[in-house]
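Worksheet for the structure shown next.
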Amino acid sequence: MKIEKSKNDIESTVEQYSALIYKIAFSYTKNYAVSEDILQDVLITYITSSYEYANNEHKKAWIIRVTINECKKYFRKLKYRTMYDVVPAIYDMDLKDNSDVTYAVMELPAKYRIVIHLYYYEQLSVHEISDALKIKENTVMSLLHRARKKLKKIMEEEYEHESIPPVSK
């Protein structure tokens with residue numbers, strides 16, 4: 001039995017979750033064009049799916065999971081292409097938050113970037129991240145802990161190279 005989604009439901013879902021999908025995709029891929037493609041693929045998957053959601057939290061978790069799966073699918077496809085088929089990723093950040101921390105987060109490996117993004121930027125709980133990523137809560141906490149340590153190291157190295165002007169009296 002196929003469940004038809006109303007135009008209002010589709011529009012509200014697109015409006016509500018597009019930014020989230022794009023940010024997660026960009027966090028994984030570091031590429032604007034690929035992130036936009038993943039955004040479209042996730043929305044098409046949502047529109048064509050006949051899945052029923054218990055509530056908005058369940059819908060959000062499903063969308064996060066589909067987004068992560070699309071990102072992984074993208075990298076699996078890359079694995080089978082030759083080097084000349086792959087367009088280099090754009091590492092230039094054009095996000096609203098151009099802070100040093102954002103740049104440091106983007107230097108983290110994908111497994112750490114995604115948990116940091118979901119925890120701090122999307123403000124999901126450890127339990128919600130665990131559900132979305134289909135990993136244990138202890139694993140989420142370990143990934144967050146390791147990511148924080150790596151971020152601290154990156155930030156310390158960043159500021160170590162800057163000269164601190166002497167304090168004048």
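No hydrogens, no waters, no symmetry mates; every other heavy atom, side chains included, goes into these values. Remember, it's a predicted structure, so these values are computed and weren't measured experimentally. The first residue of the sequence shown is numbered 1, and numbering continues consecutively from there.
- Here the CG atom belonging to L39 is positioned 11.0 Å from the CD atom belonging to E70, to the nearest 0.5 angstrom.
- Side-chain contact check for Y112 versus R146: some heavy-atom pair is nearer than 4.5 Å.
- Side chains of I24 and L118 form a contact here, defined as non-hydrogen atoms less than 4.5 Å apart.
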Determine, step by step, whether K152 and R148 satisfy the side chain to side chain contact (heavy atoms under 4.5 Å, CB included) criterion, reporting the C-alpha distance in whole Å, the side-chain angles of both residues, the deciding distance to 0.1 Å, and the verdict. CA-CA 6 Å; K152 182 179 178 184; R148 289 181 193 119; over 6 Å; no
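- Looking only at side-chain heavy atoms (C-beta outward), L143 and I135 come within less than 4.5 Å of each other.
- Counting heavy atoms from C-beta on, the side chains of Q40 and L43 never come closer than 4.5 Å.
- Rounded to the nearest 0.5 Å, atoms SG (C71) and CZ (R76) are 11.0 Å apart.
- A heavy-atom distance below 4.5 Å is found between the side chains of L20 and K60.
- Relative ring orientation between W62 and Y53 is described as perpendicular, the plane-to-plane angle rising above 60° on a 0-90° scale split at 30° and 60°.
- Side-chain contact between I38 and K73 is absent, with no heavy atoms from C-beta onward closer than 4.5 Å.
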Run the numbers on T13 and Y46 for side chain to side chain contact (heavy atoms under 4.5 Å, CB included), then give the verdict. CA-CA 9 Å; T13 300; Y46 169 75; 3.2 Å; yes
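- The environment of K59 atom NZ is dense: over 12 non-hydrogen atoms of other residues, nucleotides or ligands sit within 6.0 angstrom.
- Within the 3.5 Å criterion, the main-chain N or O of L108 finds no donor-acceptor partner in the side chain of K150.
- Between I64 and Y17, the closest side-chain pair of non-hydrogen atoms is not below 4.5 Å.
- Taking every heavy atom of both residues into account, R65 and K72 meet most closely at NH2-NZ, 3.7 Å.
- For the pair T48 (side chain) and I44 (backbone), a donor-acceptor distance under 3.5 Å is present.
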Please walk me through it: do V115 and L133 pass side chain to side chain contact (heavy atoms under 4.5 Å, CB included)? CA-CA 9 Å; V115 293; L133 300 179; 3.8 Å; yes
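- Note on residues 129-143: pairs passing side-chain hydrogen bond (donor to acceptor under 3.5 Å, both in side chains), not counting sequence neighbours, are H127-D131, H127-E137.
- Judged purely by atom type and a 3.5 angstrom limit, R113 uses its side chain to pair as donor or acceptor with the backbone of Y28.
- Within a 6.0 Å radius of CD in E15, other residues, nucleotides and ligands contribute 12 heavy atoms or fewer.
- From S6, atom OG reaches atom CD of E11 across 8.5 Å, with rounding to the nearest 0.5 Å.
- Under the 4.0 Å criterion applied to side-chain N and carboxylate O atoms, K153 and E156 are not assigned as salt-bridge partners.
- If you take CG on D41 and CD on E36, they are separated by 12.0 Å, rounding to the nearest 0.5 Å.
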Determine, stepwise, if the pair T29 / Y74 fulfils side-chain hydrogen bond (donor to acceptor under 3.5 Å, both in side chains). CA-CA 9 Å; T29 64; Y74 166 75; over 6 Å; no
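- Using a 4.5 Å heavy-atom threshold, the side chains of Y119 and V126 count as touching.
- The nearest pair of heavy atoms linking N55 to H58 is OD1-N, 2.8 Å.
- The backbone N or O of D9 sits less than 3.5 Å from a side-chain atom of S12, completing a donor-acceptor pair.
- Minimum interatomic distance between A25 and T67 (heavy atoms only, all atoms of both residues): N-CG2, 4.2 Å.
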